[in-house]
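Report on one structure; see the data block that follows.
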Protein chains: 2
Amino acid sequence: MMSKVEAKTNPAPEEVVEIISRGLASEAILTLFARCRVHYDGRAKSELGPGDRVIIIKPDGSFLIHQKNKREPVNWQPPGSMVSFSLEDGVVRLRSVRRKPKEILEVELIETYLASYFLAEDYEELALTGSEAEMAELIFENPRLIEDGFKPLFREKPIRHGIVDILGRDRDGNLVVLELKRRRADLHAVSQLKRYVDTLSEEHGNVRGILVAPSLTSGARKLLEAEGLEFKKVKPPKREEKKRGRQKTLFD
Amino acid sequence: MMSKVEAKTNPAPEEVVEIISRGLASEAILTLFARCRVHYDGRAKSELGPGDRVIIIKPDGSFLIHQKNKREPVNWQPPGSMVSFSLEDGVVRLRSVRRKPKEILEVELIETYLASYFLAEDYEELALTGSEAEMAELIFENPRLIEDGFKPLFREKPIRHGIVDILGRDRDGNLVVLELKRRRADLHAVSQLKRYVDTLSEEHGNVRGILVAPSLTSGARKLLEAEGLEFKKVKPPKREEKKRGRQKTLFD
DNA sequence: TATTTTATATCGTGC
DNA sequence: GCACGATGTAAAATA
């Protein structure tokens, strides 16, 4: 039986290949510390010269190459990519291919400082609160947060050019479009709202547009006023009872 | 002198703390394989129950918690965050704090399968080609790609509501706004272009708007036509001589 | 599969 | 620090 974790420091190329091979076969998370070169070609194309990086290959095909700074991997491949490897003249090469769009990632391991795998067991999903979806729920529960007499009618309503967050009517029966943003709203948010209002105005008279967000950028406020649109300050709620990620059980 | 890499499998809590301590002190990349719980509160709020994850803490404060699937970390903290740790009753806790916006990430290590650090040396930056910036260069070099007689005048030109990618004139002297997209353009891109055209139309007559991209979504094409805007097919070039990331040298 | 939109988006640039 | 827009954005929801 395989152990849950295996790690070899300063492994020989043959040992690197051995650990990669066992890790891939067993649906483990592979982690390498290595000096390497990276070549990528696909939607764009990049080269990365020799340096020390952390390489992670997940059982779903996700492939991450991390430098010592930043939250983002310097190179990567998304889930569903197919990984392979080779050992020639003492050099280990990793190759990950994504089918559509066609993208290839190649890593040349110059020197490997650590090769490891981790048979991770994880049945929990993230339970997150404070999302835009929860803002929408809040407004449906308490429409007065927008204004007295506001009646929400549709959520995620497709119209000709796009999908409206919330569509409703005000106390005078006017159609009202709400565009929700969980964070400070910018010019893009205003343009989006205007697109919805313009589209609906073609078939309905006097359509109001309200941007619902915790705050506005200076430019967004200017454009909003210039376009005759409105703003209502609402913060995304952090619920006590978090929306739970679906919990997988042994009986799934 | 510290070694470049250190890794201990199934370490005792005291050994975990020892490695974390040395790793943080030496600007190393810390990597843990552990069964853990995670709590996050900041722009949003989340809980993650017990499970096996890969935890990476970088010298710039970036903090990543990866499950066995997906390209994205399930929880994280961006660069600049401050990390601390504690050992109480045999339980190791990690805490990362971001100042603005105020965000706190806490990890409770239930069981640690591997604790490691990696003194990564890396002086290379990614050299990437095929970006929108290179599309813009291409158009300035060869304006006929847009149309005969097109004269590009400004790049990244601030106007009242936003920043135009390329502003120029056609052979008849009409103002022309180009909005560039390196990939298939969507509704959002059309709205952006329309905002620029609307803004400039207030002060200039007959402003043309051209969306420049390798392709359009069906919805984008419909909206573009409805708004009287134009499309020109251009793919981002992959240059032979890549734009090189600034190379740091010993003499920087 | 294609489209649309959100995101604890992150990141870079300019003011 | 804020504002603005790109990203090999990724991921989710939907048709």
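Every chain is numbered from 1, with letters handed out A, B, ... down the list of sequences.
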*Name all residues meeting the salt bridge (Lys or Arg N to Asp or Glu O under 4.0 Å) criterion together with Asp41(A); count only those two or more places apart in sequence or in a different chain, and write none if there are none.*
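Scan of Asp41(A) (salt bridge (Lys or Arg N to Asp or Glu O under 4.0 Å), adjacent residues dropped) gives Lys238(B).
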*salt bridge (Lys or Arg N to Asp or Glu O under 4.0 Å) partners for Arg35(B), two or more places apart*: none
[X] side chain vs [Y] backbone, donor-acceptor pair below 3.5 Å:
| X | Y | value |
| --- | --- | --- |
| Arg184(B) | Leu216(B) | yes |
| Tyr196(B) | Val177(B) | no |
| Asp186(A) | Ala189(A) | yes |

*asked:* Here's a test of your reading of the structure: between Ala44(B) and Ser62(B), which maps to the more 5' nucleotide of DNA chain C?
replied: Ala44(B)
Which donor-acceptor pairs under 3.5 Å do the side chains of residues 67-74 of chain A make with protein atoms, sequence neighbours left out?
unit_1: Gln67(A); atom_1: NE2; unit_2: Asp122(B); atom_2: OD2; d: 3.0
unit_1: Gln67(A); atom_1: NE2; unit_2: Glu124(B); atom_2: O; d: 3.0
unit_1: Arg71(A); atom_1: NH2; unit_2: Glu72(B); atom_2: OE1; d: 2.5
unit_1: Glu72(A); atom_1: OE1; unit_2: Arg71(B); atom_2: NH2; d: 2.6

*asked:* Which residues pass the ring-ring contact (aromatic ring centres under 6.0 Å, His included) test with His161(A), not counting sequence neighbours?
replied: none
*Side-chain donor-acceptor pair under 3.5 Å between Glu134(A) and Thr129(A), yes or no?*
yes
*Is there a donor in the side chain of Arg195(A) and an acceptor in the side chain of Ser191(B), or the other way round, less than 3.5 Å apart?*
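Note: Arg195(A) and Ser191(B) side chains meet the donor-acceptor criterion.
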Is the distance from OP1 or OP2 of [N] to the nearest side-chain N or O of [X] less than 4.0 Å?
| X | N | result |
| --- | --- | --- |
| Arg43(B) | dA9(C) | yes |
| Trp76(B) | dT10(C) | yes |
| Arg182(A) | dA9(C) | yes |

Please measure how far the [atom1] atom in [N] lies from the corresponding atom in [M], and state the result in whole Å.
| N | M | atom1 | value |
| --- | --- | --- | --- |
| dA7(C) | dA6(D) | C1' | 15 Å |
| dC4(D) | dG8(D) | P | 23 Å |
| dT4(C) | dT8(C) | P | 23 Å |

*salt bridge (charged side-chain N to carboxylate O under 4.0 Å, His left out): pairs with one or both residues in residues 152-167 of chain B, sequence neighbours excluded*: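 Only Arg160(B)-Glu202(B), Arg160(B)-Glu203(B) qualify under salt bridge (charged side-chain N to carboxylate O under 4.0 Å, His left out).
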*At the 4.0 Å heavy-atom cut-off to chain A, mark where contacts on DNA chain D begin and end, going 5' to 3'.*
dA3(D) to dA11(D)
Could I get a table of every N or O pair under 3.5 Å where one atom is in the protein and the other is in nucleotides 12-15 of chain C?
unit_1: dG12(C); atom_1: OP2; unit_2: Lys70(A); atom_2: NZ; d: 3.1

*Output every pair passing ring-ring contact (aromatic ring centres under 6.0 Å, His included) with a member in residues 61-82 of chain A, not counting sequence neighbours, ordered by first then second residue.*
none
*Pairing of Glu47(B) and Arg239(A) as salt bridge, 4.0 angstrom limit*: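 No.
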*Residues from residues 95-102 of chain A lying under 4.0 Å of DNA chain C - heavy atoms*: Lys100(A)
*With sugar-phosphate meaning primed atoms plus P, OP1 and OP2, does Glu72(A) contact a base, only sugar-phosphate, or nothing at under 4.0 Å between heavy atoms?*
sugar-phosphate
*For Glu27(B), enumerate each residue passing the side chain to side chain contact (heavy atoms under 4.5 Å, CB included) test, keeping only those at least two apart in sequence or located in another chain.*
Pro59(B)
*Could you check how far CG of Leu126(A) sits from P of dA7(C), rounded to whole Å?*
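One finds 13 Å between P of dA7(C) and CG of Leu126(A), rounded.
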Identify the pairs formed between an N or O of the protein and an N or O of nucleotides 3-5 of chain C at a distance under 3.5 Å, and give each distance.
unit_1: dT3(C); atom_1: OP1; unit_2: Arg184(B); atom_2: NH1; d: 3.1
unit_1: dT3(C); atom_1: OP1; unit_2: Ser218(B); atom_2: N; d: 3.1
unit_1: dT3(C); atom_1: OP2; unit_2: Arg184(B); atom_2: NH1; d: 2.7
unit_1: dT4(C); atom_1: OP2; unit_2: Thr217(B); atom_2: OG1; d: 2.7
unit_1: dT5(C); atom_1: OP1; unit_2: Ile163(A); atom_2: N; d: 2.8
unit_1: dT5(C); atom_1: OP1; unit_2: Tyr196(A); atom_2: OH; d: 2.7

Side-chain atoms of residues 96-106 of chain B: list all donor-acceptor pairs with protein atoms under 3.5 Å, sequence neighbours left out, distances to 0.1 Å.
unit_1: Arg98(B); atom_1: NH1; unit_2: Glu103(B); atom_2: OE1; d: 2.7
unit_1: Glu103(B); atom_1: OE1; unit_2: Arg43(B); atom_2: NE; d: 3.2
unit_1: Glu103(B); atom_1: OE1; unit_2: Arg43(B); atom_2: NH2; d: 3.3
unit_1: Glu103(B); atom_1: OE2; unit_2: Tyr40(B); atom_2: OH; d: 2.4
unit_1: Glu103(B); atom_1: OE2; unit_2: Arg43(B); atom_2: N; d: 2.9
unit_1: Glu103(B); atom_1: OE2; unit_2: Arg43(B); atom_2: NE; d: 3.0
unit_1: Glu106(B); atom_1: OE2; unit_2: Arg95(B); atom_2: NH1; d: 2.7

